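Here is the structure we will look at.
Please read all numbers here as calculations on a predicted model, not as lab measurements. Residue numbering restarts at 1 for every chain, and letters A, B, ... go by the order of the sequence lines.
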Amino acid sequence: MTALDTVFTTCRDEGRAALMTYLPAGFPDNQGSREAMVAVAEAGADIVEVGVPYTDPLMDGPVIQDAADRALAGGFRVRDLLGNVEAVASAGAVPVVMSYWNPILRYGPDAFARDLASAGGAGMITPDLIPDEAAQWRAAADTHGLAPIFLVAPSSTDARLATTTAACRGFVYVASTMGVTGTRTTVGAGARQLVERTREVTDLPLCVGLGVSTGDQAAEVATFADGVIVGSALVRALGDGVEAGTGLGPLRDLTVELAEGVRRA
Amino acid sequence: MTEQLGRFGDFGGRFVPEALIAALDELDAARTDAMADPAFTEELARLHRDYTGRPTPLTEVPRFAEHAGGARVFLKREDLTHTGSHKINNVLGQALLTVRMGKRRVIAETGAGQHGVATATAAALMGLDCTVYMGEKDTRRQALNVARMRLLGAEVIPVAHGSATLKDAINEALRDWVTNVEDTHYLLGTVTGPHPFPTMVRDFHRVIGDEAHDQLRAVTGGLPDVVCACVGGGSNAMGIFQRFRDESSVRLVGFEAGGEGVETGRHSARFSTGEPGVLHGAATYVLQDEDGQTLDSHSVSAGLDYPSVGPEHAYLRDTGRAEYFPVDDDEAMEAFALLCRTEGILPALESAHALAGALRVGRESDPGTVILVNLSGRGDKDVETAAQWFGLTGDAHATSATAGHPPAGEHRSATAGHPPAGEHRSATAVHPPAEGVES
């Protein structure tokens, strides 16, 4: 049983959804990003997404764009994220990477899969790589025991839901809404409907991302999904803490609130 | 599903979020259906005749050609279209498709502003809402086109993120599209992006080469020996190359922006220093660092200032069917000035790269070589940039912008006379002549 399978089995046994938190590697700097990832793991995140800062993040809203820019301006190198992966694994959460495709293509998909697996990573989410274009990555992930995780979207046809989920391992990333990352006041109906459509074609855990920022929203999504993914709100909390000199406090507080939310359902 | 969808050899494809796949499939079906529907193709042809001003002329430029080593040079006059560049060919096609798909809003990216102006124009003509994303840096150097778009009723959104140029405008347009795809068509302006854009945009521009082929044949009785075009994303080049790619005697040559010189690192010469990668939905050559992060590109010409290139050009390059060389800012500006003064034609800075390339090719070739150049746009938008470059603004003492009539084949000074104090930039920087071409 893989680490991801174990997480979802445990959550199911506990009658709750998993909490998955996204933070970019290298933000505010390498050391700070690792401490932040350890903090969210200790505050209740089950899975930590290690984001790879990229110059052209076309699925990301302003909060994550700005964080990526800062990481790159600070000299972030792709290989640095392996330190984040190790830190997350040591803290007892399951690390998965989230990356646009070109940095991985440049690193070499097989070399990246090898290095990610040996650092303790469980898989990778690829927001701009669909299964149709992912033969090389799927082979590399398979060789090194990593989960390739693709996205489904409200616009996905039933046929694409079937082919995309068939290419996923570990879980499926369900984009709650049409749009880019960022907080939204409501996440509800469309996400529920897409989860229902996706359940028709797969037994994999379904994790809902895009727009969730509060414990109440996490609780709502947890009523119909197997995992709740939070990104921009946490990146903002981390940035606020750095700005205000309150360190990891705001990030920890929000993570605790979200962890309580996924247990409320 | 096939791995080969929209592929040109190893290049092309669809490297985009899943959320856009349904819209790309819808677009692919719509354009395939439309191109086989006489009602669509006849309406597009009517618009090109009555609105765009097609066919555009083919102009032989003998006084310019005196500097091209005895070659005959013909310009395909896309600068004379309504809106002033080839961009309108693709825009009218995609705008008609937008209406056909029942969408009511178009979005576009623009670099120099020519594609944005063309899109705003078509949106006005067809009653569509229009939003244009433009890098903030470009809104400053192409302020005239920003005003034109707004006059035409478009909303222009400056993009300050990243390098604040064309690539960032495309990122922002893609973010808008993924959010509003239900009622919005992304009217992409060049032959890159995810399938079907590279193929569709090429096909809407092939009218350039089709017309030029017939027009040239009527004059010379034959084919050109060389076809020259500038290559940013590469739509004007694909448009003129397409008719000739199966004619093995015809050399196809694309000219990229060498900026301040390839050796300075401040350029847009993807085929000189770029590596295969993925950007904006397509596998192609990309200016990138060893981590796959996109590098900033540079060019005096906003329309060529882009770190990636259409995937079919990557294919033509790797298969050897087309050749690509950099032309730096100085050399392009000299060609710009030369065409102005020898022929009374003010080219776009983008097209000036193709003109500079044609001069080089002519000097390298036998006398009598027939060179067809795609004059993709007019330079009205570039007057301020050029005036600053040559020191012709305000009360500058630039009384003489001519250097007489140097013999053919010799390097020509674009400025002489009295440069103003201070920031004067001379276009007389010495370039190696033909044999200095490298790639």
Side-chain angles (χ1 to χ4, degrees), chain A residues 52-62 65-66 68-69 71-72 75-81 99-108 112 126-136 150-157 159-161 163-164 167 173-175 177-182 210, chain B residues 1-7 12-26 159-163 167-168 170-184 193-195 275-284 286-296 307-308:
Chain A
V52 179
Y54 176 53
T55 42
D56 296 278
L58 56 89
M59 268 293 282
D60 284 307
Q65 288 176 48
D66 289 345
D69 278 357
L72 292 171
F76 170 81
R77 298 296 311 271
V78 170
R79 60 175 179 264
D80 296 337
L81 72 87
S99 183
Y100 292 91
W101 183 234
N102 202 49
I104 307 306
L105 187 60
R106 190 73 175 153
Y107 195 104
F112 185 80
T126 50
D128 64 347
L129 185 70
I130 56 175
D132 321 50
E133 301 284 359
Q136 201 184 2
F150 300 100
L151 280 70
V152 295
S155 60
S156 300
T157 59
R160 286 199 63 84
L161 290 181
T163 55
T164 301
Y173 191 119
V174 179
T177 177
M178 296 297 286
V180 298
T181 58
L210 298 190
Chain B
M1 282 303 123
T2 164
E3 296 274 356
Q4 299 309 312
L5 191 62
R7 284 284 179 164
R14 280 182 171 175
F15 294 85
V16 290
E18 167 67 19
L20 292 177
I21 298 299
L24 293 170
D25 283 341
E26 177 191 17
V159 179
H161 213 84
S163 60
K167 90 173 174 69
D168 307 285
I170 294 176
N171 289 337
E172 208 55 35
L174 284 165
R175 292 183 187 114
D176 181 317
W177 201 31
V178 79
T179 307
N180 300 301
V181 66
E182 199 164 332
D183 73 345
T184 297
H195 177 74
E275 302 268 355
V278 166
L279 183 65
H280 294 146
T284 183
V286 179
L287 293 181
Q288 55 183 312
D289 70 13
E290 51 183 330
D291 268 4
Q293 307 289 354
T294 310
L295 294 171
D296 286 352
S308 174

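The shortest non-hydrogen separation linking A:R106 to B:E290 is CG-O, 3.3 Å. The shortest non-hydrogen separation linking A:D60 to B:R175 is O-NE, 2.9 Å. For B:A19 against A:S155, the heavy-atom pair with the smallest separation is O-OG, 2.7 Å. In terms of heavy atoms, A:V78 sits closest to B:D291 at N-OD2, 2.8 Å.
Interface residue A:T164: only side-chain heavy atoms are found under 4.5 Å from chain B. With a 4.5 angstrom heavy-atom cutoff, B:D289 touches chain A only via backbone atoms. Within the 4.5 angstrom heavy-atom criterion, no atom of A:V52 approaches chain B. Contact annotation for A:D66: both backbone and side-chain heavy atoms come within less than 4.5 Å of a heavy atom of chain B. With a 4.5 angstrom heavy-atom cutoff, A:P154 does not touch chain B via any of its atoms. Proximity to chain B (any heavy atom under 4.5 Å) is restricted, for A:P127, to the backbone atoms N, CA, C and O. Residue contact with chain A, scored on non-hydrogen atoms closer than 4.5 Å, is absent for B:E182. Using a 4.5 Å cut-off between heavy atoms, A:D69 contacts chain B through its side chain alone, with no backbone atom that close.
Looking only at heavy-atom pairs under 4.5 Å with chain A, the residue among B:I21, B:I170, B:V286 that has the most is B:I21.
Judged by distance alone, the side chain of B:T294 and the main-chain N or O of A:T55 form no donor-acceptor pair under 3.5 Å. Between the side chain of B:Q293 and the backbone N or O of A:P53, at least one donor-acceptor pair lies under 3.5 Å.
Atom CD of B:E18 sits about 7.5 Å away from atom CG of A:L161, to the nearest 0.5 Å. To the nearest 0.5 Å, atoms CE (A:M178) and CG (B:N180) are separated by 9.5 Å. The line from CG of A:L58 to CG of B:D176 is 13.0 Å long, rounded to the nearest 0.5 Å.
Salt-bridge check for B:R14 with A:D132: failed, with every basic side-chain N at 4.0 Å or more from each acidic carboxylate O.
For the pairing with B:V278, the side chain to side chain contact (heavy atoms under 4.5 Å, CB included) check across A:N102, A:I104, A:L129 returns one residue only, A:N102.
By the ring pair (Phe, Tyr, Trp, His ring centres under 6.0 Å) test, A:F112 is found to be paired with A:Y107, residues two or more places apart in sequence or in another chain being considered.
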